[in-house]
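Written out below as structure tokens is the structure these notes cover.
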Amino acid sequence: MPCLTVSAFVFVMPEYNYGFSAPLKNAIDYLYTEWQYKPVGFVSYGMASGGLRAVQVIKQVVTTLKMMPANEAVTVFLRGALDDAGELVPDPARDSAAEVMLDEVAWLSAALASLRVPA
Ligand SMILES: Cc1cc2nc3c(=O)[nH]c(=O)nc-3n(C[C@H](O)[C@H](O)[C@H](O)COP(=O)(O)O)c2cc1C
């Protein structure tokens, strides 16, 4: 079974019309046991909201699959985050947010380990 040996996830996801994308929903729906009792961190991006609304929506789905969403997250407001070439401008605050989110994902993964199906 794929992914059973993976102990945590980070979804990098855009926001479309206040929601998350259909391909990501399809990927989530494709698996079941593989998601259970594993944490998920979010790196979201979007023009106006940085994907914040999409993250709130996806929490209802991932918790249905017994995933534990990390509260700490990375939020990229694309308007202002891109240079003239469309490349992401480095941002120390974003780097710090990523470290905090990844730390929380690691803690949650360790805390949930005893609940997971052995790989
Ligand atoms: C149809 C459409 C709807 C969008 N809706 C939102 C939105 O609700 N909130 C937001 O922040 N950005 C929104 N955007 C901007 C996208 O998040 C942005 O273009 C992002 O780069 C798309 O990610 P992708 O290129 O990886 O698919 C929308 C873009 C499109 C084309």
Side-chain angles (χ1 to χ4, degrees):
M1 211 178 273
C3 284
L4 273 179
T5 54
V6 175
S7 58
F9 295 89
V10 173
F11 292 171
V12 180
M13 47 180 280
E15 178 170 304
Y16 281 91
N17 293 325
Y18 287 35
F20 63 98
S21 68
L24 178 55
K25 182 64 164 55
N26 186 55
I28 292 169
D29 293 345
Y30 187 68
L31 301 174
Y32 181 66
T33 313
E34 290 86 346
W35 300 124
Q36 292 184 349
Y37 303 114
K38 295 174 185 176
V40 53
F42 301 103
V43 177
S44 68
Y45 59 97
M47 283 298 169
S49 76
L52 284 168
R53 295 170 296 211
V55 169
Q56 289 308 106
V57 171
I58 203 172
K59 285 177 179 174
Q60 296 180 35
V61 175
V62 296
T63 51
T64 302
L65 291 161
K66 304 181 183 178
M67 298 183 90
M68 174 69 74
N71 188 58
E72 303 293 348
V74 180
T75 308
V76 182
F77 295 85
L78 290 176
R79 200 171 286 145
L82 304 178
D83 63 18
D84 291 342
E87 298 291 326
L88 204 56
V89 176
D91 177 2
R94 188 191 310 128
D95 294 346
S96 299
E99 279 185 37
V100 172
M101 180 271 286
L102 290 170
D103 280 348
E104 188 181 37
V105 167
W107 292 330
L108 290 170
S109 181
L112 293 167
S114 65
L115 300 178
R116 288 197 284 273
V117 176

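All values derive from a computational prediction rather than experimental measurement. Every number for a ligand or one of its atoms is a count from 1 in the order of the listing.
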(request) List every atom of ligand 1 that sits less than 4.0 Å from any heavy atom of N17, numbering the atoms from 1 in the order shown and giving each element. (result) 3 (C), 4 (C), 5 (N), 6 (C), 7 (C), 8 (O)
(request) Indicate, with yes or no, if F42 and F20 share a hydrophobic cluster defined by side-chain heavy-atom contacts under 4.5 Å among Ile, Leu, Val, Met, Phe, Trp and Tyr. (result) yes
(request) Would you mind checking which non-hydrogen protein atom is closest to atom 24 (P) of ligand 1, with the distance to 0.1 Å? (result) Y16 OH, 3.5 Å
(message) A side-chain contact here means heavy atoms from C-beta on lying under 4.5 Å apart; do V6 and E34 qualify?
(response) no
(request) Return the minimal non-hydrogen interatomic distance between L82 and V89, and the atom names on each side. (result) C-CG2, 3.8 Å
(message) Within ligand 1, which atoms have a heavy atom of R53 less than 4.0 Å away?
(response) 8 (O), 9 (N)
(request) Over all heavy atoms of both residues, which pair between G41 and A70 is shortest? Give the atoms and the distance, please. (result) CA-CB, 4.2 Å
(request) Under 4.0 Å from a heavy atom of P14: give me the atoms of ligand 1 that qualify, with their elements. (result) 22 (C), 23 (O)
(message) Give me the residue, atom name and distance of the protein heavy atom closest to atom 21 (O) of ligand 1.
(response) L78 CD1, 3.3 Å
(request) Locate the shortest heavy-atom distance separating Q56 from K59; write the atom from each residue and the value. (result) OE1-NZ, 3.1 Å
(message) Given M13, R79, M47, E15, identify the one with the heavy atom nearest to atom 9 (N) of ligand 1.
(response) E15
(request) State whether the number of non-hydrogen atoms from other residues, nucleotides or ligands found under 6.0 Å of M68 atom CE is greater than 12. (result) no
(message) With a 4.0 Å cut-off on heavy atoms, is Y45 in contact with ligand 1?
(response) yes
(message) Looking only at protein heavy atoms, which one is nearest to atom 8 (O) of ligand 1, and what is the separation?
(response) Y18 N, 2.9 Å
